[in-house]
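As the structure is a computational prediction, the values presented were derived from the model and not from experiment.
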Amino acid sequence: MAEKQLLLDHRYMRMAKIWAENSYCERRKVGALLVKDRMIISDGYNGTPSGFENVCEDENNVSKPYVLHAEANAITKVARSHNSSDGATLYVTASPCVECSKLIIQAGIKRVVYGEKYRITDGIELLERAGIAVVFLEQK
């Protein structure tokens, strides 16, 4: 079972990386998929809110304060659907920040698989404290 799950984890992570290509952000492109019962129930990538210009950085190449992270986009997207993220797995190409980790906890997501470590680890630490299974998946 563990080997099959690892195979699925790698497949979903590759899909999240492809989804990240949709981002208009220049500094970093991040993708996320929410999977429940082996079905993708939501997706997201980092970017500006709906209706805003598709420019994520200011003239100094700093992310604008209203840019949404991929995890937040996936969670808010599922909230607008008829699906529930309760018990789902979130695949995200970069480790979640503390703000996204709070959303993950509140959304009932039970497992987070991420593909790139970030220097600030408070988001991962919060998820672990909440009892959420956190998996760093080495990229092939």
State yes or no: do [X] and [Y] share one hydrophobic cluster built from I, L, V, M, F, W and Y residues joined by side-chain heavy-atom distances below 4.5 Å, directly or via other members?
| X | Y | value |
| --- | --- | --- |
| Leu90 | Leu103 | yes |
| Ile132 | Val113 | no |
| Val134 | Ile120 | no |

Distance, nearest 0.5 Å, that separates OH of Tyr91 from NZ of Lys17: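 Nearest 0.5 Å value for the OH-NZ distance: 15.5 Å.
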
For the residue pair [X] and [Y], what are the closest heavy atoms and their distance?
| X | Y | result |
| --- | --- | --- |
| Pro49 | Leu68 | CA-CD1, 4.1 Å |
| Val92 | Met13 | O-CE, 3.5 Å |
| Ser84 | Ile41 | O-CD1, 3.4 Å |
| Ala16 | Leu33 | N-CD1, 3.8 Å |
| Ser101 | Leu126 | CB-CD2, 4.1 Å |
| Ala74 | Leu34 | O-CD1, 4.0 Å |

Do [X] and [Y] touch side chain to side chain, with heavy atoms closer than 4.5 Å?
| X | Y | result |
| --- | --- | --- |
| Asn83 | Ser42 | no |
| Val98 | Glu125 | no |
| Leu137 | His10 | yes |
| Val67 | Cys25 | yes |
| Tyr114 | Val135 | no |
| Glu138 | Phe136 | yes |

Geometric cation-pi criterion, Lys29 with Tyr45: 6.0 Å, 45°: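 No, Lys29 does not sit over the ring of Tyr45.
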
Under the 3.5 angstrom rule, does the side chain of [X] hit a backbone N or O of [Y] as a donor-acceptor pair?
| X | Y | value |
| --- | --- | --- |
| Asn46 | Val30 | yes |
| Tyr12 | Arg38 | yes |
| Thr76 | Asn73 | yes |
| Asp37 | Met39 | no |

Under the ring pair (Phe, Tyr, Trp, His ring centres under 6.0 Å) test, residues paired with Tyr24 that sit two or more places apart: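 If we apply the ring pair (Phe, Tyr, Trp, His ring centres under 6.0 Å) test to Tyr24, skipping adjacent residues, there are no hits.
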
Sole candidate of Arg27, Glu57, Glu26 that passes side-chain hydrogen bond (donor to acceptor under 3.5 Å, both in side chains) when paired with Ser63: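 Considering Arg27, Glu57, Glu26, a side-chain hydrogen bond (donor to acceptor under 3.5 Å, both in side chains) with Ser63 is found only for Arg27.
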
SB check Glu53 Lys64 (cutoff 4.0 Å):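 Yes.
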
Would you call Glu71-Lys102 a salt bridge at under 4.0 Å N-O?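 Here Glu71 does not pair with Lys102 in a salt bridge, since their nearest N and O are not under 4.0 Å apart.
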
Using residues 104-112 as the side-chain source, report each donor-acceptor pair under 3.5 Å to any protein atom, sequence neighbours left out, with the distance given to one decimal.
unit_1, atom_1, unit_2, atom_2, d
Arg111, NH1, Asp9, OD1, 3.1
Arg111, NH2, Asp9, OD1, 3.4
Arg111, NH2, Asp9, OD2, 2.6

